[in-house]
Student: 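Starting off with a structure, shown below.
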Amino acid sequence: MGAWNGPGESAGAVAPPIFQTSLFAKPSFDAFVRQQAAEHEHFVYSRGTNPTVAFLEERLSLLEGGEAAKCFASGMGAISAVLTGLLRSGDHVLFVNTIYGPTLELAEHLRRFGIEHTVLADPGEDIEEHIRENTALIYVESPGTMLMRVLDLRSLTAVARHHGIRTVMDNTWSTPLFQKPISSGIDLVVHSCTKYIGGHSDVIGGAVIGSRAAITEIFYTGYQLLGAVMSALEASMILRGLRTLPVRMEEHQRNAERVINHLASHPEVVAVHHPYADHALDENIISAQFSGFSGLLSFDLRNGTFERVRRFIDSLSLFRIGASWGGYESLVTSPMRPGNAAQLRSNGLAPGLIRLSVGLEGAERQIEDLDKAFDSLPKL
Ligand SMILES: *Cc1c(COP(=O)(O)O)cnc(C)c1O
């Protein structure tokens, strides 16, 4: 489509130029009419396509092994576009595994438009039993981002294919570097680029990758009409993040392994949740699906009352308290609130669950900080 094609173009720029323009003028009215009729493949207006954004889309599509990609103003923008773009009134969606909270809130919202859903939070359940005649989409996360449980994608996509159901996977946890769900038969992959792909906690963005036909369908409905479009400036920041993704992910992984080993042997820790710590995981699934593990993990604090969770979190200083993950800085959060222990249990989460995003400060400093917080807990 004439996106920026690399060094040599644009006066030899080595970094992708930021095409800070809302529209692209055409040499003749004929050209304008022709290109506007196929806006997904021509630069007409930046609510449709833009060369900087298109360059990022090409890179993401190549990384995931898809045919095409579309970038959005946020991960939720991408997820909204997929769900509203592909579903219609009367359809049913099956969500499998622990799903990102706002995605399920969106699914609740879609009930008003006659779209139903079921959530199978336990990845061990038999999916086939929950498939209905009107099931149009199976939407999964693997690993989920609270308990980091892994799905057997090849079995899941085989079942979906057998029933003629499309599959979507949120691959934010792994990034396209460590897991390529399309190679396991997933139809569409979504990302929050806000996390590891951007990688510096300074940009919000999202993406969808899949077949050219599906991406074109999403372009004309969920992208252009809902309007959560990515700007050229955001695309250039995410491209910068992408350039260091391999070195950052290796380092997140290295730090996370050391933190996990430390947590797993700590007397105040009941369980650590991360594929690296899950010794029951099938080696064949791991080797088929992953080439590495990211640095988002959680653990269950022993005797996990709200008071102890608060004490632990407030005693950390390197790990900052915050909602996101995937950036330089280590972060900590917990779903615990005063009096919600029973509710957490009914959602399959242990009271005392603490989630860590292991950043890039180095494992030694991270472990030192965690030990300081463990030491602050009153001895039983
Ligand atoms: C953050 C996140 C999203 C949403 O992304 P935004 O960029 O915040 O809109 C979706 N899925 C997962 C797993 C996330 O962590």
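Whatever order the structure lists them in is the order used to number ligands and atoms, beginning at 1.
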Student: Are Y276 and F293 near enough that their ring centres are under 6.0 Å apart?
Tutor: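 For Y276 and F293, the ring centres are not under 6.0 Å apart.
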
Student: According to a 4.5 Å side-chain heavy-atom criterion applied to Ile, Leu, Val, Met, Phe, Trp and Tyr, with indirect links allowed, do M76 and F113 form part of one hydrophobic cluster?
Tutor: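 Yes, one cluster joins them.
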
Student: Test of understanding: clusters of I, L, V, M, F, W, Y form through side-chain heavy atoms closer than 4.5 Å, transitively. Do L296 and L245 belong to the same one?
Tutor: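 Cluster IDs for L296 and L245 match.
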
Student: List in chain and number order the residues that pass side chain to side chain donor-acceptor pair (under 3.5 Å) with T172, two or more places apart in sequence or in another chain; answer none if no residue qualifies.
Tutor: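 Once residues adjacent in sequence are excluded, the partners of T172 under the side chain to side chain donor-acceptor pair (under 3.5 Å) criterion are D170.
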
Student: Quick check on ring-ring contact (aromatic ring centres under 6.0 Å, His included): which of H274, H273, H252, H191 does W173 satisfy it with?
Tutor: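 Among the candidates, only H274 passes.
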
Student: For the residue pair F95 and H117, does the interplanar ring angle fall in the parallel (under 30°), tilted (30 to 60°) or perpendicular (over 60°) class?
Tutor: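 If you compare the ring of F95 with that of H117, the planes turn out perpendicular.
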
Student: Check each N or O atom of ligand 1 against all protein N or O atoms and list the pairs under 3.5 Å, with atom names and distances to 0.1 Å, one per line.
Tutor:
unit_1: ligand 1; atom_1: 5 (O); unit_2: S192; atom_2: OG; d: 3.0
unit_1: ligand 1; atom_1: 7 (O); unit_2: G75; atom_2: N; d: 2.9
unit_1: ligand 1; atom_1: 7 (O); unit_2: S192; atom_2: OG; d: 2.9
unit_1: ligand 1; atom_1: 7 (O); unit_2: T194; atom_2: OG1; d: 2.6
unit_1: ligand 1; atom_1: 9 (O); unit_2: G75; atom_2: N; d: 3.0
unit_1: ligand 1; atom_1: 9 (O); unit_2: M76; atom_2: N; d: 2.8
unit_1: ligand 1; atom_1: 11 (N); unit_2: D170; atom_2: OD2; d: 2.6
unit_1: ligand 1; atom_1: 15 (O); unit_2: K195; atom_2: NZ; d: 2.6
unit_1: ligand 1; atom_1: 15 (O); unit_2: W325; atom_2: NE1; d: 3.4

